[in-house]
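When reading the values below, keep in mind they use all heavy atoms of this one structure, side chains included, and skip hydrogens, waters and symmetry mates.
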Amino acid sequence: MRTVTITGTRRTGHKTPAEYADLFEHYLSPFAQGAHFYIGGAAGIDSLALLWLADRTAAAITIVAPGTMGRQPAEAQEAVARSRGRIKEVVELGAAELQAPAYHARNRWMVDRTSMTIGFPHATKPSTGTWQTIEYTAEQGKPRLIVPV
């Protein structure tokens with residue numbers, strides 16, 4: 001089974017839902033059959049990709065929160081609730097403080113358990129969590145697909 005980490009920007013208001021659906025059709029769909037996706041459980045790309053995968057594929061889905069799902073943004077909690085029947089597992093890593101180190105640890109946890117990463121960065125600055133995940137994937141010698149949004 002192919003295992004895939006999805007990472008991406010939280011800032012998604014600059015495109016329409018239809019534009020994201022088109023991106024996911026082109027860049028997630030080819031990997032979806034027989035796959036298991038690990039998604040960070042945040043707002044933005046995480047929630048949009050979760051909803052798209054749950055509605056349009058039979059792929060297994062694991063949601064990974066750095067703390068608990070109850071501490072995730074409302075958008076993310078709603079996406080998980082709406083997709084609950086399609087989610088194989090929700091992993092709560094239990095971080096006490098939701099700062100950059102907790103998010104980076106969550107990202108490494110996902111990459112360590114998957115065979116590749118598909119990233120949807122908004123910025124080209126390597127300081128974002130999306131780029132941290134993509135770079136960590138590269139350090140692990142794993143393939144990554146980068147789809148700027």
Side-chain angles (χ1 to χ4, degrees), residues 1-17 19-24 26-28 31-32 35-55 57 59-84 86-149:
M1 173 180 287
R2 177 177 313 146
T3 53
V4 181
T5 292
I6 295 177
T7 186
T9 182
R10 292 181 185 151
R11 296 184 303 151
T12 56
H14 59 285
K15 291 190 180 291
T16 67
E19 288 173 304
Y20 286 109
D22 187 51
L23 282 172
F24 297 151
H26 283 85
Y27 297 105
L28 296 183
F31 298 97
H36 186 154
F37 289 91
Y38 286 70
I39 306 172
I45 288 295
D46 288 359
S47 293
L48 292 169
L50 166 60
L51 293 169
W52 188 87
L53 287 166
D55 289 345
T57 76
I61 301 167
T62 294
I63 302 300
V64 185
T68 64
M69 277 309 300
R71 293 170 57 203
Q72 291 298 97
E75 174 188 338
Q77 290 183 43
E78 291 167 16
V80 167
R82 191 169 136 198
S83 305
R84 182 61 74 182
R86 288 280 294 108
I87 295 171
K88 179 179 180 178
E89 180 181 24
V90 174
V91 176
E92 297 176 314
L93 298 177
E97 292 186 32
L98 297 181
Q99 302 294 328
Y103 293 107
H104 291 177
R106 185 250 346 247
N107 298 342
R108 289 189 304 273
W109 191 96
M110 293 190 302
V111 170
D112 289 346
R113 285 155 180 80
T114 58
S115 57
M116 73 173 294
T117 295
I118 301 175
F120 296 88
H122 179 66
T124 57
K125 299 176 191 167
S127 62
T128 67
T130 301
W131 282 108
Q132 177 267 334
T133 307
I134 292 166
E135 290 171 1
Y136 182 72
T137 303
E139 290 168 10
Q140 301 309 302
K142 297 178 181 183
R144 60 247 172 249
L145 174 61
I146 302 167
V147 184
V149 295

Kindly give the heavy-atom pair with the smallest separation between [X] and [Y], and that separation in Å.
X    : Y    : answer
S47  : A76  : OG-CA, 3.3 Å
F37  : A32  : CE1-CA, 3.8 Å
L28  : W52  : CB-CZ3, 4.0 Å
T130 : G8   : OG1-C, 3.1 Å
V111 : K142 : O-NZ, 2.6 Å
R2   : S115 : CG-OG, 4.1 Å

For [X], is the [atom1] atom crowded, meaning more than 12 foreign heavy atoms sit under 6.0 Å from it?
X   : atom1 : answer
K88 : NZ    : no
Y27 : OH    : no
R11 : CZ    : no

Can you confirm whether [X] sits close enough to [Y] that some side-chain heavy atom of one is under 4.5 Å from a side-chain heavy atom of the other?
X    : Y    : answer
D55  : R82  : yes
I118 : V4   : yes
P66  : Q72  : yes
V90  : R84  : yes
I45  : Y20  : yes
F24  : V147 : no
L48  : F120 : no
Y103 : Q132 : no

Quickly, which of L53, T62, I87 forms a side chain to side chain contact (heavy atoms under 4.5 Å, CB included) with I39? Name it, please.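 Among L53, T62, I87, the one that satisfies the side chain to side chain contact (heavy atoms under 4.5 Å, CB included) with I39 is L53.
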Closer than 3.5 angstrom, by distance alone: can the side chain of [X] be matched with the main-chain N or O of [Y] as a donor-acceptor pair?
X    : Y    : value
T128 : W131 : yes
E75  : A42  : no
R10  : D46  : no
R71  : A96  : yes
T3   : A35  : no
E97  : A102 : no
R106 : L93  : no

Return the set of residues passing salt bridge (Lys or Arg N to Asp or Glu O under 4.0 Å) with D22 (not counting sequence neighbours), or none when no residue passes.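 D22 satisfies salt bridge (Lys or Arg N to Asp or Glu O under 4.0 Å) with no residue once adjacent residues are dropped.
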If the plane angle is over 60° it's perpendicular, under 30° parallel, otherwise tilted; pick one for H14 and H122.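 Because their plane-to-plane angle lies in the 30° to 60° range, the rings of H14 and H122 count as tilted.
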Under the side chain to side chain contact (heavy atoms under 4.5 Å, CB included) rule, what do T5 and T137 come out as? Steps first, then yes or no, please. CA-CA 9 Å; T5 292; T137 303; 5.9 Å; no
Side chain to side chain donor-acceptor pair (under 3.5 Å) against Y136, all qualifying residues, sequence neighbours excluded: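 Y136 satisfies side chain to side chain donor-acceptor pair (under 3.5 Å) with D112 once adjacent residues are dropped.
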Measure the CD-CG distance between E78 and L51 for me, rounded to the nearest 0.5 Å.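 The CD atom of E78 sits 10.0 Å away from the CG atom of L51.
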